[in-house]
Each structure stands twice: as C-alpha cells, then as structure tokens.
Amino acid sequence: MSESVPGPAPEVFAPHKAPVSPPQASEEVEFVQLLTPEGERVEHPDYSFDLDDEAIKGFYRDMVLVRRIDTEATALQRQGELGLWASLLGQEAAQIGSGRALNKKDMVFPTYREHGVAWCQGVNPLNLLGLFRGVDQGAWDPKDNNFHLYTIVIGAQTLHATGYAMGQQRDHAIGDADNGEATIAYFGDGASSQGDVNEAFIWASVFNAPVVFFCQNNQWAISEPIDRQTRIPLYQRAAGFGFPGVRVDGNDVLATYAVTQQALKRAREGSGPSLIEAYTYRMGAHTTSDDPTKYRLNEDLEHWKLKDPIERVHAYLARHASVDHDFFDEVDAEGDKVAAELRAGCLALPDPVLTDFFQNVYVDETPQLAEQRDQYVAYAASFEGEG
C-alpha cells in the first residue's frame, strides 16, 4: 500500500465582499477575431467574412439603432413606464452578427435580452416593451418571425430549442447547408451552470440535433464573475458532450457573423450541434433593478469601453471604406426617430383586459377554466362603485 502524500488544502469558496475583476485583456484570451478594437481587419485561418462594405454599413446601422432602442427603454423604465428592462449595452455585435447569419427558415429561442436578434428577425420593438410594461405576455407570434417568446426561466429555452431542432430533423428539413433549417438558442454564462442547459447539450449531442448553442459570455452572471461558473473556457465544455465549440470575440460583429454562419451551415447540413461562446462584456446593469457598482470595478468598465463594438466598426468605415460623416449622421437621426416612435407607442399601449387571459389558455374552453373565469368576473365586479 503506497504512502499517502498530503495534497494542497482544499480551496474554500466564500461569497466575495468586494468587487472583483474577470479576465480583461483580449490578448490574454484566445478567440476568433476579424476586426480589431482599432477598426483594422485581420485574417483568421478558419473563418472569414465574405460580405462587402455595404453589408458592414448595414451591421453598423443595426447596432446603432438597437443601442438607441435599448437606451430609450432604459429611460422609460427609470421614468416608471416599464416595470423592468434587461439592457444589451455592449453586446450589440454578438447579437447583430449572429442574427444576420440566420436564414428565413432558422428558428430562434431567446432569453430576455436578445433585443438585437429580435430586431434582425423583424420583431417590432414595441412588442418587447409590452412584455416589460406588463400589458401582455409577449405580443408576437413566433411563427411570424421565427423568433420564440422571451424566456425568463434561466436556461429553459435550450431544452425547447433542442426539442424543436429534433423536430426539424424528423421533418427532413435538414441536409442543405444553405437552404435547410437550423435552430439557435441564446443563453448567458450564468445559465451555463443550469441543469437544463447541460441536459440540452446531452440530447442535442446524442440525437445529432441541428442546433447552435450561442452563449453570450458577458463576464457576469448577475453579480457573480465567470470564474464562479467554470474553471475552463466555456466553449471547451462542448468537447465533453461530443460536439465542437468555438470562442469568438463577441464585440466583433464580423467575426460573430462568420462563426455563427459556419455553425448554422453545419447544423443545416446534418452535422449536428455546436457551441459558440461570444466573449463580450455587459456594459450596463444585469437589469434595471441591479446595481453593478456593488460587485465590479469602474476600471473594468473603462477598459471594455475601449473595445466598444460600435466604435470599432465606425473606425473601420471611416478609415477604410470612405464612409463620410453624412452616413453616420443619418443613422443617428434615424435612431432618434425610432426612439421617439417607440416612446410614443409605449405610452399608448392599452391596459390588458384580464378576462382575455382565460380565452388564450386552450383552444377549447374547459369547464374548470370557465369556472375560474366566472369567479374572477364576480370578484372584479365586487369592486365596482368603490372610490
């Protein structure tokens, strides 16, 4: 029997009491990058961006307008017009790049922060605000835009996406890399710790489902840094489930587009799931009920401002694509117009008729549901005439 050798003392994880810093410098993190923070194009051996400068101008417009929508929604919440808002500030490139890589047949399963992907899929931003205003439970039909309803339960949408992808597989909708169907599921680094996400990985792998798991690693699971979620880069987890994973610069819209496009083609042709880790940073609060100054350092925020996804595209277009100030001014003006229309539309949203909720549960009303409706109507009537 060999002699036992004492090992190192076990590491004790206690809740941190002061702000901590996740990894910062992008040079310390290996990922796919095609556009540097300074706005310079770079090559990568496995991925390339094959669209022209007009497409890049379109990406720039998308990101500016989505950020403007996000800013207006945050202001509306602060003014008491929304109950809550989950900002995407800093994550525009991850969402626009991946969203623009989708084809018309691909299906999206979002969390509650994918406002940029919703924009790419043609969902009216006012519908998003209706949910956060509390006047509806999501007023868009997923079939209209191939964009499912926002999921509040952390990670649950990955299971929904896997099941839907298995349905696409059984409907023989795959086999063509360009014209087939695939599914993409969005989630955050915190959700990667959820059992639902890992179960989705297992099912997707075993059944070779045509699904892309898109993790926006914004460094913070609400108030917990990424090192409380994993000891290895998140994309490497895919290997343990038997499918490929890749980490991309989530602040680089060109790289995000290229990586997502390749993963979707792989899924559509029948080669199975992939995991994309978009390495980015949440510049704002987790939601408007959160105070990030309690758990992260201002220095980190300033560091990541230098990697702003919009500014790097602005720099590229101005320096290398001969785009003048008129274009940028027009996009800014369009953003102001979109924001003004969004504000007016939000304030005009009607209050819900609560009895409608009973009508939208089942196609055919059950006796139990009718009884519940009648009880509610009688209860509501009891308040009539009270001042």
Side-chain angles (χ1 to χ4, degrees), residues 26-27 31-44 47-74 87-104 114-125 216 248-262 264 278-284 301-342:
S26 57
E27 59 268 21
F31 50 31
V32 178
Q33 185 181 81
L34 301 177
L35 185 68
T36 69
E38 296 74 29
E40 300 297 323
R41 297 283 295 269
V42 292
E43 300 295 326
H44 190 276
Y47 298 93
S48 62
F49 182 78
D50 54 5
L51 302 181
D52 58 17
D53 287 342
E54 284 300 311
I56 298 177
K57 288 171 64 177
F59 289 172
Y60 176 84
R61 173 182 173 272
D62 286 333
M63 291 192 292
V64 170
L65 296 186
V66 166
R67 179 172 290 186
R68 187 66 182 87
I69 291 168
D70 183 70
T71 301
E72 194 64 26
T74 299
S87 174
L88 58 60
L89 184 63
Q91 299 178 219
E92 295 89 354
Q95 296 194 18
I96 296 301
S98 60
R100 289 303 180 196
L102 296 161
N103 71 17
K104 294 182 179 180
E114 272 67 64
H115 319 315
V117 185
W119 172 266
C120 292
Q121 293 296 94
V123 177
N124 188 337
Q216 292 174 85
V248 62
D249 181 353
N251 286 18
D252 177 355
V253 70
L254 307 189
T256 304
Y257 173 88
V259 168
T260 308
Q261 182 187 50
Q262 185 165 311
L264 286 168
Y279 192 82
T280 181
Y281 192 80
R282 193 193 75 219
M283 297 297 290
L301 194 63
E302 294 303 316
H303 177 85
W304 279 89
K305 283 182 179 179
L306 301 176
K307 307 176 188 298
D308 186 275
I310 296 179
E311 289 303 318
R312 70 174 68 185
V313 179
H314 186 290
Y316 169 78
L317 292 174
R319 295 174 188 169
H320 303 291
S322 302
V323 176
D324 58 27
H325 291 293
D326 290 343
F327 168 75
F328 299 116
D329 292 342
E330 289 170 1
V331 172
D332 289 340
E334 184 181 2
D336 290 339
K337 180 181 178 183
V338 168
E341 293 174 350
L342 184 66

Any donor-acceptor pair under 3.5 Å from [X] side chain to [Y] backbone:
{"X": "Glu92", "Y": "Met63", "value": "no"}
{"X": "Arg312", "Y": "Leu35", "value": "yes"}
{"X": "Glu54", "Y": "Asp52", "value": "no"}
{"X": "Arg67", "Y": "Leu89", "value": "no"}

If we only count heavy atoms from C-beta on, is the [X] to [Y] side-chain gap below 4.5 Å?
{"X": "Gln216", "Y": "Glu114", "result": "yes"}
{"X": "Asp336", "Y": "Arg68", "result": "yes"}
{"X": "His44", "Y": "Leu34", "result": "yes"}
{"X": "Gln262", "Y": "Val32", "result": "no"}
{"X": "Ile56", "Y": "Arg41", "result": "yes"}
{"X": "Trp119", "Y": "Arg100", "result": "yes"}

Notebook entry, point to check: Taking atom types as modelled, is there a side-chain donor on Asp252 or Tyr257 under 3.5 Å from an acceptor on the other?
Noted result: no

Roughly how far, to the nearest 0.5 Å, is the [atom2] atom of [Y] from the [atom1] atom of [X]?
{"X": "Leu317", "Y": "Arg319", "atom1": "CG", "atom2": "CZ", "result": "11.0 Å"}
{"X": "Thr36", "Y": "Asp249", "atom1": "OG1", "atom2": "CG", "result": "9.5 Å"}
{"X": "Tyr281", "Y": "Asp308", "atom1": "OH", "atom2": "CG", "result": "13.5 Å"}
{"X": "Gln261", "Y": "Thr256", "atom1": "CD", "atom2": "OG1", "result": "12.5 Å"}

Please name the pair of heavy atoms, one in [X] and one in [Y], separated by the smallest distance, quoted to 0.1 Å.
{"X": "Ser98", "Y": "Thr260", "result": "CB-OG1, 3.5 Å"}
{"X": "Ala55", "Y": "Leu51", "result": "CB-CB, 3.6 Å"}
{"X": "Gly250", "Y": "Ala93", "result": "O-CB, 3.5 Å"}
{"X": "Asn251", "Y": "Gly90", "result": "OD1-O, 3.5 Å"}
{"X": "Ile96", "Y": "Phe59", "result": "CG2-O, 4.2 Å"}
{"X": "Val42", "Y": "Gln33", "result": "CG2-O, 3.2 Å"}

Check: Tyr279 vs Trp304 aromatic rings, parallel, tilted or perpendicular, using cut-offs 30° and 60°?
Finding: tilted

Do [Y] and [X] meet the salt-bridge criterion of a basic N to acidic O distance under 4.0 Å?
{"X": "Arg61", "Y": "Glu334", "result": "yes"}
{"X": "Lys337", "Y": "Asp332", "result": "no"}
{"X": "Glu311", "Y": "Lys305", "result": "no"}

Check: Pick one: which of Ile69, Asp70, Val123 meets side-chain contact (heavy atoms from CB on, under 4.5 Å) with His115?
Finding: Asp70

Check: Where do His314 and Phe328 land on the side-chain contact (heavy atoms from CB on, under 4.5 Å) test, with the steps shown first?
Finding: CA-CA 8 Å; His314 186 290; Phe328 299 116; 3.5 Å; yes

Check: So is Lys57 actually on top of Phe327's ring, under 6.0 Å and inside 45° of the axis?
Finding: yes

Checklist line | Pair Tyr316-Asp53, side-chain hydrogen bond (donor to acceptor under 3.5 Å, both in side chains): steps then yes or no | finding: CA-CA 10 Å; Tyr316 169 78; Asp53 287 342; 2.7 Å; yes

Check: What do the steps show when you test Leu102 against Gln121 for side-chain contact (heavy atoms from CB on, under 4.5 Å), and what is the final call?
Finding: CA-CA 9 Å; Leu102 296 161; Gln121 293 296 94; 3.6 Å; yes

